[in-house]
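Before any comments, here is the structure.
Here, residue 1 is the first one in the sequence, and each next residue gets the next number. We count ligands from 1, going down the list as the structure has it; atoms in each ligand are counted the same way. We use all heavy atoms of the structure for the numbers below, so side chains are in, but hydrogens, waters and symmetry mates are not.
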Amino acid sequence: MAEIGATGNGGVNRQALTPEDTRGRQVLLEWAAKRGYTAAIDPIGNLFIRRPGAHPELSPVMTGSHLDSQPTGGRFDGVYGVLAGFEVLETLDDYAVVTERPMELVVWMNEEGSRFPPPTMGSAVASGAMPLERALATLDRNGVTIGDALAVQIEQLPQLQRRPLGTKGHVYIEAHIEQGPLLEAENCDIGIVKGIQGLHAYQVEVTGAEAHAGTTPMRHRKDALVAATTLIARIRSEIADPEDILRFTVGRFEVAPGASSTVPGKVTFIIDLRHPDPDHLLRTGERILQFCSGEVEHCAVSAKILLQSTPVIFNDQVVAMVREAAERRQFKHMSMISGATHDAKYMAEHTPTAMIFVPSEKGISHNEAENTRDEDLAAGTQILCDAMLAVMSAME
Ligand code: GLV
Ligand code: MN
Ligand code: MN
């Protein structure tokens, strides 16, 4: 998989619904076909690979993650959970295990949200948190909609069953790299993930007036770039958190018309805001919306909410079963809350859910240097397999 969209610096660029993403999905579907698994796609492009169980009418034990990446992503973010899940299905085949329930591997559409903001879109639509029409109308930088890009992708995938939106399963367990430094620092093999911190995303638009860079006096300008950078610095200092728990990021920032001799007339940027406490997050979000209205440096500022997902606490029983699996295998483990967001957040709304983390070398992620040791990847996959089998008949 890491060869598909390889960047040359050890990372991947396999953003949602690009030819590289399509290729990744084709390869996985080829592997699935060889094993005789069935595959289906829903209207937002989530892909479901199913290994049958003895009782096809029972809801499946589910796992999954994503194959799409950041523009300069690593080889493990998302793809690890997909391949770990696939490895579980294959292992059960190799040992001729007949499970009571079907097992299903989901490849979520557009988890990263880098080409089409915001993140975790496929699971948001599947669980009813975002309207399908809104997601399909989302534009990339070149004005291509998700709807059009998805139609192109589907044409290039083998014939797939179509299934309606909705992903309720018996249990959902997602394996992922930690993407932070805690497991490595504590010398742990496995993270038992109890929940995910909340994430808000706001799209801010700053409108000034385009003007000639040589002739327009400074005092007459409505420079959208100056206003936007002033605004970001102001917000950053106003919401500063002495405990360093709040996360504030502007990772996408676009200046128009982007010509060196024209005073910028428009800037759009996205604020990514995260905190584990829902009230703190909401209060800070409201303050940000206030800062992003009215006028700054003679420019008009407005903001819209792209995403407001509250922190999520996973199902106690499933979390306990993941912990028991780690204990039985004698892996050193610790409990943690995920700083990164995941599709498990939306699954948790209707299906008993938990996650398994494996260590990230130096805590590096959303970076081409992202790495996890083979033995850690294998340990996480073993725990995923054990836990998926353990929840099969439990959790009635
Ligand atoms: C997921 O990629 C995130 O940004 O947390
Ligand atoms: Mn991920
Ligand atoms: Mn990611």
Side-chain angles (χ1 to χ4, degrees), residues 1-2 5 7 11-16 18 20-21 24 46-47 63-85 105-124 129 172-183 191 193 195-203 245-252 270-276 281 306-312 336-348 353-360 363-372 377 380 384:
M1 279 294 172
T7 55
V12 294
N13 180 4
R14 201 171 47 231
Q15 295 183 73
T18 56
E20 292 75 24
D21 181 44
N46 298 315
L47 204 58
T63 186
S65 202
H66 57 100
L67 289 177
D68 69 311
S69 79
Q70 291 286 318
T72 51
R75 294 173 295 144
F76 300 93
D77 178 0
V79 66
Y80 169 56
V82 172
L83 297 188
L105 169 66
V106 195
V107 181
W108 299 107
M109 197 285 300
N110 189 30
E111 192 277 350
E112 295 290 3
S114 51
R115 176 179 176 199
F116 296 105
T120 57
M121 196 182 272
S123 55
Y172 176 77
I173 306 177
E174 178 167 349
H176 206 283
I177 56 165
E178 181 202 343
Q179 308 183 268
L182 302 178
L183 289 173
V193 188
I196 300 180
Q197 73 172 340
L199 161 59
H200 288 191
Y202 301 100
Q203 182 164 311
I245 295 171
L246 183 76
R247 310 277 187 256
F248 168 85
T249 307
V250 176
R252 178 139 161 176
I270 296 178
I271 295 175
D272 177 306
L273 185 76
R274 310 195 194 204
H275 199 281
L281 186 60
L306 285 186
L307 180 71
Q308 278 189 323
S309 85
T310 51
V312 162
M336 57 204 305
I337 293 287
S338 176
T341 197
H342 302 285
D343 296 294
K345 163 182 74 188
Y346 287 116
M347 283 304 285
T353 291
M355 288 187 76
I356 299 165
F357 277 176
V358 291
S360 290
I364 295 171
S365 187
H366 283 190
N367 184 313
E368 291 162 284
E370 186 179 84
N371 197 26
T372 298
L377 297 168
L384 178 65

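- The line from OG1 of Thr372 to CD of Gln179 is 9.5 Å long, rounded to the nearest 0.5 Å.
- The CD1 atom of Ile177 sits 11.0 Å away from the CG atom of Leu183 when rounded to the nearest 0.5 Å.
- The closest donor-acceptor contact from the side chain of Ser114 to the backbone of Gln70 lies at 3.5 Å or more, if one exists at all.
- Judged by distance alone, with hydrogens and angles left aside, the side-chain atoms of Arg252 form no donor-acceptor pair with the main-chain N or O of Ile270 at under 3.5 Å.
- Sorted by chain then number, the residues whose non-hydrogen atoms approach ligand 1 to under 4.0 Å are Glu111, Glu112, Arg274, Ala340, Thr341, His366.
- At least one donor-acceptor pair closer than 3.5 Å links the side chain of Asp68 to the backbone N or O of Glu112.
- Restricting His366 to its N/O/S atoms, the shortest distance to the Mn ion (ligand 3) is reached by NE2.
- Between the side chains of Glu174 and Ser65, at least one donor N or O sits under 3.5 Å from an acceptor N or O.
- Remark: of the listed residues Tyr80, Phe357, Tyr172, Phe357 is the sole one forming a ring-ring contact (aromatic ring centres under 6.0 Å, His included) with His342.
- Side-chain polar atoms of Asn13 and Glu20 form no donor-acceptor pair below 3.5 angstrom.
- Distances under 2.8 Å from the Mn ion (ligand 2) pick out the protein N/O/S atoms His66 NE2, Asp77 OD1, His176 NE2.
- With hydrogens and angles ignored, the 3.5 Å screen pairs a side-chain donor or acceptor of Arg14 with a backbone N or O of Leu67.
- Side-chain atoms of Asn110 come within 3.5 Å of backbone atoms of Gly113 as a donor-acceptor pair (strictly under, hydrogens ignored).
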